Amino acid sequence: QVHLVDSGGGSVQAGGSLRLSCAASGYTHTPRCMGWFRQAPGEAREWVATLYPDDGTTFYIDSVKGRFTISQDNAKNTLYLQMNVLRPEDTAMYYCAAVRYGGSCLRVSVANDYNYWGQGTQVTVSS
């Protein structure tokens, strides 16, 4: 059973940076893709970014392009989200997610296509 543990959230002022981490364990084959979602209070869960571990291909929602970077450390089985130039509208609970080996990542922004989820880490950006 794949287990994901999110960490790295916190409170920062606008313009600041945070790096989120997602430690993965329990899988025998590399997930098909891994990504980050976020959910603000009273809002729907929103896709942020996805990475294909096999070839490093990345995808981002437009609002974070140029500010956020998704990456991986294969040796540590860890997924990262480097977040720079943070804005108050980035405030949310952030979740990492993974699609199982053999699954489909054609719809990277669809939460229901992801099989495994972290517990979430809170990011708060003040103006």
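Being a predicted model, the structure only gives us computed values, none of them experimental.
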Just checking Tyr114 against Phe37, ring centres under 6.0 Å apart? yes
Atom of Ala24, atom of Met34 and distance for their closest heavy-atom approach: CB-CE, 4.4 Å
Is Gln72 close to Thr78 at the side-chain level, that is, under 4.5 Å between some pair of heavy atoms? no
For Asp90, the side-chain hydrogen bond (donor to acceptor under 3.5 Å, both in side chains) test, sequence neighbours excluded, returns Arg38, Arg67
Distance (rounded to the nearest 0.5 Å) between Leu20 CG and Ser7 OG: 8.0 Å
Kindly compute the distance separating OG (Ser126) from CG (Leu86), expressed to the nearest 0.5 Å. 10.5 Å
State, yes or no, whether a side-chain contact exists between Arg19 and Leu81 at a heavy-atom distance under 4.5 Å. no
Using a 6.0 Å distance limit plus a 45 degree cone around the ring axis, check whether Arg107 lies over the aromatic ring of Trp47. no
Would a distance-only check, ignoring hydrogens and angles, find a side-chain to backbone donor-acceptor pair under 3.5 Å from Thr91 to Thr124? no
Do you know the tightest heavy-atom contact between Gln119 and Leu4? OE1-O, 3.8 Å
Which pair of non-hydrogen atoms, one from Ala14 and one from Pro88, has the smallest distance, and what is that distance? CB-CD, 4.1 Å
Mind checking whether Thr69 and Tyr60 have side chains closer than 4.5 Å, heavy atoms only? yes
Between Arg32 and Gly103, what is the shortest heavy-atom contact and its length? CG-O, 3.5 Å
Measure across Val85 and Ser17 and return the closest heavy-atom pair with its distance rounded to 0.1 Å. N-OG, 4.3 Å
Measuring from atom CZ of Arg87 to atom OG of Ser127, what distance do you get when rounded to the nearest 0.5 angstrom? 14.0 Å
Under 6.0 Å from the CG atom of Asn112, do we count more than 12 heavy atoms belonging to anything else shown? no
Does Arg45 make a cation-pi contact with Tyr95 (under 6.0 Å, within 45 degrees of the axis)? yes
Phe68 and Gln82, any side-chain heavy atoms less than 4.5 Å apart: no
Working to the nearest 0.5 Å, report the span between CG of Asp6 and SG of Cys22. 5.0 Å
Determine whether Asp73 and Tyr80 make a side-chain contact, defined as any pair of heavy atoms from C-beta on separated by less than 4.5 Å. yes
Taking atom CD1 of Ile61 and atom OG of Ser109, what is their separation to the nearest 0.5 Å? 8.5 Å
d(Asp55 CG, Cys33 SG) to nearest 0.5 Å is 11.0 Å
Would Tyr52 and Phe59 count as a ring-ring contact (aromatic ring centres under 6.0 Å, His included) if you check the C-alpha gap in whole Å, the side-chain angles of each, and the deciding distance to 0.1 Å? CA-CA 9 Å; Tyr52 287 5; Phe59 306 88; 5.3 Å; yes
Are Trp36 and Leu79 side-chain neighbours, meaning at least one heavy-atom pair lies under 4.5 Å? yes
Compare every heavy atom of Ala40 with every heavy atom of Ala92, then report the nearest pair and how far apart it is. CB-N, 3.8 Å
Is the shortest side-chain heavy-atom distance between Val99 and Pro31 below 4.5 Å? no
Any side-chain heavy atom of Tyr94 within less than 4.5 Å of one from Gln122? no
